[in-house]
J.: 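First, the structure itself, so that you have it in front of you.
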Amino acid sequence: AAREAWTRAVEVYDRTRQKAREEKDADHFWYYGSVVHEILGDLPKAEEIYKTGLDLNQSHVGILASLVNLFLEKRDTVSRQKKSGSESDERALASAEAWKAYRKAQEVMRNQLTTDETAGTHVQLGELHLAMEEYGDAERELTTAYDMDKELTAAYVDLGVLFTRKEDFSKAVHYFEESVKRNPDD
C-alpha cells in the first residue's frame, strides 16, 4: 500500500516537472531530488533531477550542497562495491564532481555573506566544509555562526560533530550538551 501511494506521488510530481521548468522553479527539483536521493537511494536519478534544477538556477545552494553529498556518497559506494581496476577512475570522477560542486556552493555562499551576513548562512557553509572534511574552515564558519546567534542549535550540533571527527571528545560533548539545553526535543 505504501509503495503504491509512493508510486502515485511520483507520477504527480513527474507531471508537475514541466510546469516547474517553465516557472524556473529550481526548488521543485531540489525537493524531488532530495526524496529520490535520501529516501529511495537512487543516486543516478537524483543526480539527474538535481542537475535539471541547477540548469534553472546555477547558484541554488541547496542543490549544490545536495550534489556535494551525493557525489561523496557515490565515491564511497564505488569503493565498497567495485573490486576492478575501474574503481579508482570512478572514485576519482565522483570526488572531482564533489569538489566542483563544493567550490561553486562555497563561492555562492561567500557572495551571500557579503550582502547579507546571517548565522544560518555561516552554518550552511560550515556544514559544506564539514562534508568535504575541511575542518579548519568548518570550525571558523560554525564558530562565527555560534558567535552571531547563541541560540542557533544547528551550530552547536555541527560543532559537536566537528570535534567528534577531530577526536576532541570533551569539546564535542560540550557542544552536544549545549544543543540539548537549547532544544531538548531535537
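What you see below is based on every heavy atom in this structure, not just the backbone, and it leaves out hydrogens, waters and symmetry mates. Computed from a predicted model, the values in this text were never measured in an experiment.
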J.: May I ask you to test the D147-K150 pair for a side-chain heavy-atom distance under 4.5 Å?
T.: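 Result yes, sub-4.5 Å side-chain heavy-atom pair found.
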J.: Are the aromatic rings of F163 and F169 close, with centres under 6.0 Å apart?
T.: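 Not close enough - the centres of the two rings lie 6.0 Å or further apart.
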J.: Counting N and O atoms only, with roles assigned by atom type, does the side chain of T114 sit under 3.5 Å from a partner on the main chain of N111, one being a donor and the other an acceptor?
T.: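 Yes.
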J.: Could you tell me whether F29 and H60 have their ring centroids closer than 6.0 angstrom?
T.: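 Not under 6.0 Å, so no.
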J.: Would you check if the side chain of R91 reaches a backbone N or O of K74 as a donor-acceptor pair within less than 3.5 Å?
T.: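 No: the side chain of R91 does not pair with the backbone of K74.
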J.: Hey, are Y146 and H122 close enough side-chain-wise for a donor-acceptor pair under 3.5 Å?
T.: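 No pair is found: no donor N or O on one side chain lies under 3.5 Å from an acceptor on the other.
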J.: Just by modelled atom types, is the A92 backbone N or O under 3.5 Å from a matching donor or acceptor in the S95 side chain?
T.: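 No: the side chain of S95 does not pair with the backbone of A92.
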J.: Would you give the length of the straight line joining atom CG of L162 to atom OH of Y175, rounded to the nearest 0.5 angstrom?
T.: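 So the gap between those two atoms works out to 9.0 Å.
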J.: CD of E117: more than 12 outside heavy atoms within 6.0 angstrom?
T.: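 Above 12, so yes.
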J.: Can you tell me how the ring of H37 sits relative to the ring of Y50, calling it parallel under 30°, perpendicular over 60° and tilted otherwise?
T.: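 Rings of H37 and Y50: perpendicular, as their planes differ by over 60°.
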J.: If you count heavy atoms of other groups shown closer than 6.0 angstrom to CD of E4, is the number above 12?
T.: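 No - once you tally the heavy atoms of other residues, nucleotides and ligands closer than 6.0 Å, there are 12 at most.
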J.: State, yes or no, whether a side-chain contact exists between E97 and K100 at a heavy-atom distance under 4.5 Å.
T.: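 They are not in side-chain contact.
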J.: Taking only residues two or more places apart in sequence or in another chain, which ones pass salt bridge (charged side-chain N to carboxylate O under 4.0 Å, His left out) with K24?
T.: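 Salt bridge (charged side-chain N to carboxylate O under 4.0 Å, His left out) list for K24, sorted by chain: empty.
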J.: Is the shortest side-chain heavy-atom distance between D116 and Q112 below 4.5 Å?
T.: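 Answer no - side chains too far apart.
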J.: Per the side-chain contact (heavy atoms from CB on, under 4.5 Å) rule, which among R110, K104, M109 passes with Q106?
T.: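 Result for side-chain contact (heavy atoms from CB on, under 4.5 Å) with Q106: R110.
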J.: Let me confirm one number: the CG-NZ distance from L43 to K45, rounded to the nearest 0.5 Å.
T.: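 Here the rounded value is 13.5 Å.
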J.: Please answer: with hydrophobic residues joined when any side-chain heavy atoms are less than 4.5 Å apart, are M148 and L125 in the same cluster?
T.: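 No, it is not one cluster - the side chains of M148 and L125 are not joined through contacts under 4.5 Å.
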J.: Answer yes or no: is there a donor N or O on one side and an acceptor on the other, between the side chain of R140 and the main chain of G136, under 3.5 Å?
T.: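 Answer holds: no.
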J.: Check whether I49 and I39 end up in the same hydrophobic cluster, where Ile, Leu, Val, Met, Phe, Trp and Tyr are linked by side-chain heavy atoms less than 4.5 Å apart.
T.: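 Yes, I49 connects to I39 through the hydrophobic network.
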J.: In terms of relative ring orientation, are H28 and Y32 parallel, tilted or perpendicular, with 30° and 60° separating the classes?
T.: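 Tilted: the ring planes of H28 and Y32 meet at 30° to 60°.
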